[in-house]
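No experiment lies behind these values; they were computed from the predicted model shown. All ligand and atom numbering here is 1-based and tracks the order in the structure.
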Amino acid sequence: MDTPEYGFETLAIHAGAAPDPTTGARTTPIYQTTSYVFDDVDHAASLFNLQVFGNIYTRITNPTTSVLEERVAALEGGRAALAAASGHAAQLLVMHTLLEVGDEFIASDKLYGGSITQFSHSFRRMGWTGLLVDPDDPDNFRRALTPRTKAIFIESLANPGGIVIDIESIAAIAHGAGIPLIVDNTLASPYLCRPFGWGADIIVHSLTKFLGGHGNSIGGILVESGKFDWAAGGKFPALTEPTPSYHNLRFYETFGDMAFCVAARTVGLRDLGPALSPMNAFLILTGIETLPLRMARHCENALKVATFLESHDRVAWVSYAGLPSSRYHNLARKYLSNGAGAVMTFGVKGGYEAGIRLVENVSLLSHLANIGDTRSLIIHPASTTHRQLNAEQLVASGSGPDVVRLSIGLESANDIIRDLDQALAA
Ligand SMILES: *Cc1c(COP(=O)(O)O)cnc(C)c1O
């Protein structure tokens, strides 16, 4: 759909989708098939040679998933997108396309705990070194650059909560070094933040969270801006050098502004295999149709809860960028003009023990490891999601012993507040 003039709400419902040409079905069908019949041998050959775009096998493309890819690319203002089985799979495909053995990237130390673990352990075993730096001073990224640095990775609005990163300054540092800025935009969603407008080159999402929005499907996606010059510094051979498994085709020369997604799909996804299921693509697409409505209410409810907690005598501090007291409030006003998101952290007086008592006494809120659900969720990261981290990493990632994380859902704000109030009193 070539309709750049449509607004965000319209794109959330229509981008990438058209009535099914055969049946007239108005919602996108679930193409629950593994494979696709070739017209003839020549057609098959041109598909396998990447001379024409088309479907061969659902590990590489699927028509339901393609609609999801076009929709998220449109919402982010990007050139192309590639869906994957999970957010972590999308991160793996990005790094597999960018990095050779021995390469480095620099990442914020304020990230989803699972990303810190993925970078520090599994990626290291692949020969990729992820250096973690404090993103509050963008110059930390400049200081960590080496000739082997191939990318910078940050979250726009950082998990566990309330931290906003200065995307524009960090993009300038990345571009000065001839490397792309990758932004994990999961917590903000494109409704709150559009990182390409601030200089990001690649965006990744866990679709599991706000884009899907209903806590029912795991998925991930990467999006490329189409603006990065992969040839300039000779740093990205997987994109610029001949690819033996495709008759020595060069991705950047052949596919230009969508070379990154084509390479990540036809080499990374083909060989590593983390494809999204068509059923999950359908559920996530349905979720995206209401993204603008949901995000607006998530933010409204979250601000009410944060304001309540800030005045509660059993709460030591609240980290939510929507509060004027937040040290990130000015960055939030710049980067998150539609609201500061649904995820926040707060410190409960009494530390680790009090955190555990609180999560065990809520009744409406669900004690579980997720964010971005219609339901309000609570977790004590130090005893759960972040327990793989050492004491230093715990504090650096904003998950010290007293920290409780909330993902505020779409219930009546008063009911969420009442439940937290009684659990804090318990
Ligand atoms: C959940 C999450 C991920 C990982 O996504 P999965 O879909 O769980 O693999 C990555 N980044 C952020 C910010 C997340 O919240």
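In summary, the side chains of N330 and R333 do not present any donor paired with an acceptor at a separation below 3.5 Å, with no hydrogens or angles considered. T186 and D184 form a side-chain donor-acceptor contact under 3.5 Å, judged by distance and modelled atom types alone.
In summary, D134 and K110 engage in a salt bridge, as defined by a charged side-chain N under 4.0 Å from a carboxylate O.
Classified by interplanar angle (parallel below 30°, tilted 30° to 60°, perpendicular above 60°), the ring pair H175/F228 is tilted.
The main-chain N or O of T374 is never found under 3.5 Å from a side-chain atom of H214 such that the two would form a donor-acceptor pair.
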Mind listing the N or O contacts between ligand 1 and protein, cut-off under 3.5 Å?
| from | atom 1 | to | atom 2 | distance (Å) |
| --- | --- | --- | --- | --- |
| ligand 1 | 5 (O) | S206 | OG | 3.0 |
| ligand 1 | 7 (O) | G87 | N | 2.9 |
| ligand 1 | 7 (O) | S206 | OG | 2.8 |
| ligand 1 | 7 (O) | T208 | OG1 | 2.7 |
| ligand 1 | 9 (O) | G87 | N | 3.1 |
| ligand 1 | 9 (O) | H88 | N | 2.9 |
| ligand 1 | 11 (N) | D184 | OD2 | 2.7 |
| ligand 1 | 15 (O) | N159 | ND2 | 3.3 |
| ligand 1 | 15 (O) | K209 | NZ | 2.7 |

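Centroid-to-centroid, the aromatic rings of F153 and F119 come within less than 6.0 Å.
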